[in-house]
Amino acid sequence: MVSVFEIDDHRDLRKDVRAFAEGDVAPRVAEMESSAAFDHVLPTRIARQGWIGVTIPGEYGGMGAGHLAKTIVIEELARVSGAAGAIAQASQLGVAKILHFGTEQQKQRWLPPIAAGACLPTIATTEEGSGGHVLGMRATARRDGDHYILNGRKQYVGNSHVADVHGVIVRTGDADTRPSKSLSAFLVRADLSGVRLIPHQPAMGLHGFSFGDIVFEDVRVPICDRLGEEGDGLDVAYSSSVLYGRPNLTAVSLGIHQAIVDSTVEFVTTRVRYGAPLADLPTIKHKLGLMQHRLLTARVAAYHAVHLLDHGEPCDGELMSAKYGNVEAAMDSARTAMEIHAAAGLRSGREAQRYYRDAACIYAPAGTGDIQLLRLAETALGIEHGPQWSVRFARLTALNPQPKLHEPAA
């Protein structure tokens with residue numbers, strides 16, 4: 001991935017996304033909140049801006065702008081609507097598996113329409129009985145000549161009801177004898193016979209975002225739509241989660257967090273108590289100062305992690321830490337904002353309670369806080385599960401990849 005994206009390009013991108021979010025997304029928020037239904041139109045509008053292809057190389061029609069640019073896109077959308085940020089991050093996560101494991105033929109087939117906004121991808125891994133324990137999944141794929149027959153059910157699939165192609169991780173081998181090679185990944189078109197969507201069930205937050213279940217019943221998938229080799233499914237799932245899932249959700253949290261601070265500042269400067277704005281009260285200033293501290297610290301962690309990713313540096317730990325820290329900080333500031341708003345924040349039309357609900361929805365995806373802390377503890381203890389994903393895929397994530405010492409320069 002080679003790009004000439006510079007500071008001014010990032011600034012221009014932020015302005016463009018912010019203008020779109022305020023002009024096209026903001027007017028839809030009230031309807032999304034009141035109906036709690038997923039928005040059919042917004043995902044297409046976001047995709048047509050080309051932002052789903054922000055990390056797709058230019059040779060496939062993408063922006064080739066990298067992960068900091070991706071963070072800016074998601075952050076600015078989430079600042080106006082957590083659901084809009086979630087829509088963008090879910091399909092950008094769906095891009096990861098194709099970039100990392102797709103054959104050249106698969107990349108030529110899928111990446112150009114994704115970059116053009118004509119195709120929305122997802123990744124479908126989680127199941128009811130396994131959750132974050134990926135090796136505990138039960139969905140299966142059985143080889144049948146030039147096809148695989150898929151059966152099973154996936155949960156919490158981002159953009160489930162609006163996507164065109166699902167990246168599905170299923171069991172193809174024996175989990176007891178070779179657990180790490182018992183899973184495989186497939187690109188499954190949403191229009192294939194046997195692919196069935198469970199009716200949308202609104203979540204507590206992120207109203208407007210499709211975050212549902214998909215059933216696969218004897219779905220025939222051509223072998224050419226397998227991602228990587230048979231047995232690569234665990235690697236597909238983990239690499240996508242670490243290199244895209246965690247920074248993507250970090251960005252959603254960051255955007256929500258910025259909105260929390262912005263709306264609280266507006267509230268305390270316009271709401272009058274004892275003949276003066278709430279902002280004049282020392283207790284309110286203390287709470288607001290704490291929120292601002294959390295936001296600034298969270299942003300540094302978020303940008304630092306993706307900066308390392310864009311430069312091909314080892315950063316698995318930084319990506320995990322940024323996700324954990326940003327989610328916790330946003331949730332803490334959302335609670336502080338509710339304390340400042342007091343009873344006024346409880347009304348359904350108040351932004352404070354929307355941000356509170358939205359922030360909580362970012363905790364579980366791509367690993368709960370407990371999982372992030374477990375992995376970070378293993379890092380501190382020197383426990384390794386193989387090379388870092390950011391090292392293994394540095395040639396694909398770095399904006400200007402450098403040749404290895406034993407490789408001649410191009």
Side-chain angles (χ1 to χ4, degrees), residues 21 25 28-39 42-43 46 71 74-94 122-126 128 131-132 154-163 198 200-213 241 244-261 263 294-295 298 302 320 322-338 345-346 348 350-372:
V25 178
R28 309 183 71 84
V29 170
E31 172 61 24
M32 291 192 293
E33 285 299 309
S34 62
S35 69
F38 67 90
D39 194 308
L42 190 54
I46 292 173
T71 295
I74 299 171
E75 176 192 354
E76 286 298 325
L77 290 171
R79 189 182 66 86
V80 170
S81 164
I87 288 168
Q89 78 81 24
S91 279
Q92 289 170 344
L93 172 59
T122 72
I123 189 165
T125 303
T126 306
E128 182 176 9
K154 296 295 182 179
Q155 289 189 317
Y156 313 128
V157 180
N159 286 338
S160 52
H161 288 66
V162 295
I198 300 299
H200 175 70
Q201 300 178 32
M204 109 182 227
L206 300 179
H207 293 164
F209 175 52
S210 169
F211 189 49
D213 298 9
S241 179
Y244 275 73
R246 285 166 172 80
N248 286 10
L249 291 161
T250 296
V252 177
S253 293
L254 183 58
I256 295 171
H257 200 165
Q258 182 68 64
I260 291 168
V261 173
S263 65
R294 293 187 191 120
L295 175 62
M320 296 175 195
K323 198 266 183 176
Y324 174 80
N326 268 264
V327 171
E328 294 292 325
M331 292 174 66
D332 287 344
S333 286
R335 176 176 175 176
T336 303
M338 290 295 289
L346 302 177
S348 60
R350 279 287 179 184
E351 290 181 332
Q353 57 85 28
R354 170 164 67 95
Y355 300 143
Y356 187 84
R357 292 184 288 103
D358 286 353
C361 289
I362 313 301
Y363 177 80
T368 64
D370 289 333
I371 290 178
Q372 311 304 332

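Across every non-hydrogen atom of Ala86 and Leu206, the tightest pair is CB-CD1, 4.2 Å. When all heavy atoms of Ala334 and Ala359 are compared, the closest pair comes out as CB-CB, 4.5 Å. In this structure, Leu249 and Pro365 approach most closely via the heavy-atom pair CD1-O, 3.3 Å. Ala84 and Ile46 make their closest contact through O-CD1, 3.8 Å (heavy atoms, listed as atom of the first residue, atom of the second, distance). Annotation for Gly245 and Leu93: closest pair N-CD1, 3.6 Å, computed over non-hydrogen atoms. When every heavy atom of His257 is checked against every heavy atom of Ala298, the shortest pair comes out as ND1-CB, 4.4 Å.
Under a 4.0 Å N-O distance rule, the pair Glu31/Arg28 does not qualify as a salt bridge.
The side-chain heavy atoms of Leu254 and Ile74, taken from C-beta on, include no pair separated by under 4.5 Å. In this structure, the side chains of Val261 and Tyr355 stay at 4.5 Å or more apart for every pair of heavy atoms.
Scored by the ring pair (Phe, Tyr, Trp, His ring centres under 6.0 Å) test, Phe38 finds His40, His161, His200 as partners (sequence neighbours excluded). For Asn248, the side-chain hydrogen bond (donor to acceptor under 3.5 Å, both in side chains) partners at least two apart in sequence or on another chain are Lys70. Taking Asp332 as the reference, nothing meets the salt bridge (Lys or Arg N to Asp or Glu O under 4.0 Å) condition, with sequence neighbours excluded. Partners of Ser91 under the side-chain hydrogen bond (donor to acceptor under 3.5 Å, both in side chains) rule, at least two apart in sequence or in another chain, are Asn159. Residues forming a ring pair (Phe, Tyr, Trp, His ring centres under 6.0 Å) with Phe211 (at least two apart in sequence, or on another chain): Tyr156, Phe209. Taking the side-chain hydrogen bond (donor to acceptor under 3.5 Å, both in side chains) definition, one finds that Arg350 meets it with nothing, sequence neighbours left out.
The distance from atom CG of Leu77 to atom CG of Leu42, rounded to the nearest 0.5 Å, is 8.0 Å. Expressed to the nearest 0.5 Å, how far OG of Ser333 lies from CD of Glu328 amounts to 11.5 Å. Separating the NZ atom in Lys154 from the OG1 atom in Thr125 is a distance of 6.0 Å, to the nearest 0.5 Å. Taking CD from Gln201 and CD from Gln155, the interatomic distance works out to 9.0 Å, rounded to the nearest 0.5 Å. Interatomic distance, Ser81 OG to Ile87 CD1, rounded to the nearest 0.5 Å: 6.5 Å. Annotation: the span from Asp370 atom CG to Tyr324 atom OH amounts to 8.0 Å, rounded to 0.5 Å.
Looking only at distances, no side-chain donor or acceptor of Gln372 sits under 3.5 Å from a matching main-chain atom of Gly325. In this structure, the side chain of Asp39 does not engage the main chain of Gly208 through any donor-acceptor pair within 3.5 Å. Side-chain atoms of Arg357 come within 3.5 Å of backbone atoms of Met204 as a donor-acceptor pair (strictly under, hydrogens ignored). Judged by distance alone, with hydrogens and angles left aside, the side-chain atoms of Ser263 form a donor-acceptor pair with the main-chain N or O of Ile260 at under 3.5 Å. Between the Lys323 side chain and the Thr250 main chain, no donor and acceptor come within less than 3.5 Å of each other.
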